[in-house]
Amino acid sequence: MTAKDILDFDYSYYCGYKTEKDKEGILTILDKDTLIVDVRNKEEVPRLPLKCLEIPLHQLPDRIQELTANKILFVCQTGKRSKVAYEIYKTLLPQSIVDYYPYNIELFIKNHHHA
């Protein structure tokens, strides 16, 4: 899947809801230097088939010091917890480069498993 395919994908149609997030924002942060942080609970599946840091949302405030990358992308099962994680992180470190993936985790895996 190319960047153009991702930009052209009708997320509101296939995912069944609209998001306030624009697709371009996701693409600009996601590169080889981006730390992907999975904020789901350990027992949730599917697991990400790529390098990421797993910190359940309820542990994030206590483990925030583990996030040392310059760019961070939060992901979760549906996008709701990743948005909360984003808001927590942005509140604590407002100058940081951080984003969240607002769609479901299966879509993220499908679109970014080669990362």
Side-chain angles (χ1 to χ4, degrees):
M1 180 166 275
T2 67
K4 182 177 180 342
D5 293 334
I6 294 169
L7 289 172
D8 292 341
F9 190 83
D10 187 350
Y11 291 94
S12 61
Y13 175 80
Y14 287 102
C15 298
Y17 63 92
K18 294 192 179 197
T19 178
E20 62 194 52
K21 199 82 177 126
D22 70 343
K23 293 170 241 161
E24 291 83 359
I26 294 165
L27 291 177
T28 59
I29 189 173
L30 189 59
D31 64 25
K32 65 178 180 61
D33 297 323
T34 304
L35 172 63
I36 299 171
V37 181
D38 185 347
V39 294
R40 296 177 298 153
N41 294 325
K42 297 286 184 194
E43 66 276 1
E44 291 182 71
V45 292
R47 301 312 310 159
L48 288 178
L50 48 103
K51 185 178 177 184
C52 69
L53 183 60
E54 296 176 350
I55 300 178
L57 181 60
H58 69 278
Q59 295 178 5
L60 184 62
D62 295 331
R63 296 179 61 188
I64 204 86
Q65 73 281 357
E66 294 177 40
L67 307 181
T68 58
N70 290 327
K71 292 189 271 185
I72 297 170
L73 179 68
F74 291 105
V75 299
C76 70
Q77 199 69 29
T78 65
K80 293 177 184 175
R81 285 175 286 176
S82 61
K83 182 176 182 182
V84 172
Y86 163 84
E87 291 169 350
I88 290 169
Y89 197 83
K90 259 321 218 192
T91 300
L92 295 173
L93 299 159
Q95 301 303 319
S96 59
I97 300 173
V98 62
D99 210 342
Y100 68 97
Y101 192 74
Y103 313 111
N104 72 49
I105 197 73
E106 288 88 358
L107 190 60
F108 182 83
I109 292 168
K110 178 182 173 191
N111 291 339
H112 302 288
H113 73 277
H114 61 279

In short, Ala69 meets Asp33 closest at the heavy-atom pair CB-O, 4.5 Å
Derivation of the side chain to side chain contact (heavy atoms under 4.5 Å, CB included) call for Phe74 and Leu60: CA-CA 11 Å; Phe74 291 105; Leu60 184 62; 4.2 Å; yes
Applying side-chain contact (heavy atoms from CB on, under 4.5 Å) to Glu54 and not counting sequence neighbours gives Asp38, Lys42, Arg47, Cys52
Any chance you could measure Leu92, atom CG, to Leu67, atom CG, to the nearest 0.5 Å? 10.0 Å
Looking at Tyr86 and Asp99, what are the two nearest heavy atoms and their distance? CD1-CA, 3.8 Å
Once side-chain contact (heavy atoms from CB on, under 4.5 Å) is applied, do any residues pair with Leu93, and if so which ones, sequence neighbours excluded? Tyr89, Ser96
Arg81 side, atom CZ; Glu44 side, atom CD - distance, nearest 0.5 Å: 4.0 Å
What heavy-atom pair brings Ser82 and Cys76 nearest, and what distance separates the two atoms? N-SG, 3.2 Å
Taking atom CZ of Arg63 and atom CD1 of Ile55, what is their separation to the nearest 0.5 Å? 4.5 Å
Is the number of heavy atoms from other residues, nucleotides or ligands within 6.0 Å of NZ (Lys80) greater than 12? no
Starting at NZ of Lys90, measure out to CD1 of Ile72 and round the result to the nearest 0.5 Å. 10.0 Å
In this structure, OG1 of Thr34 is separated from CD1 of Ile97 (nearest 0.5 Å) by 9.0 Å
Flag yes if more than 12 heavy atoms outside Gln95 fall under 6.0 Å of its CD atom; otherwise flag no. no
Give, for atom CD of Gln77 and atom CG of Asn41, the distance between the pair rounded to the nearest 0.5 Å. 10.0 Å
Does the side chain of Glu43 reach to within under 4.5 Å of the side chain of Pro56, using non-hydrogen atoms? no
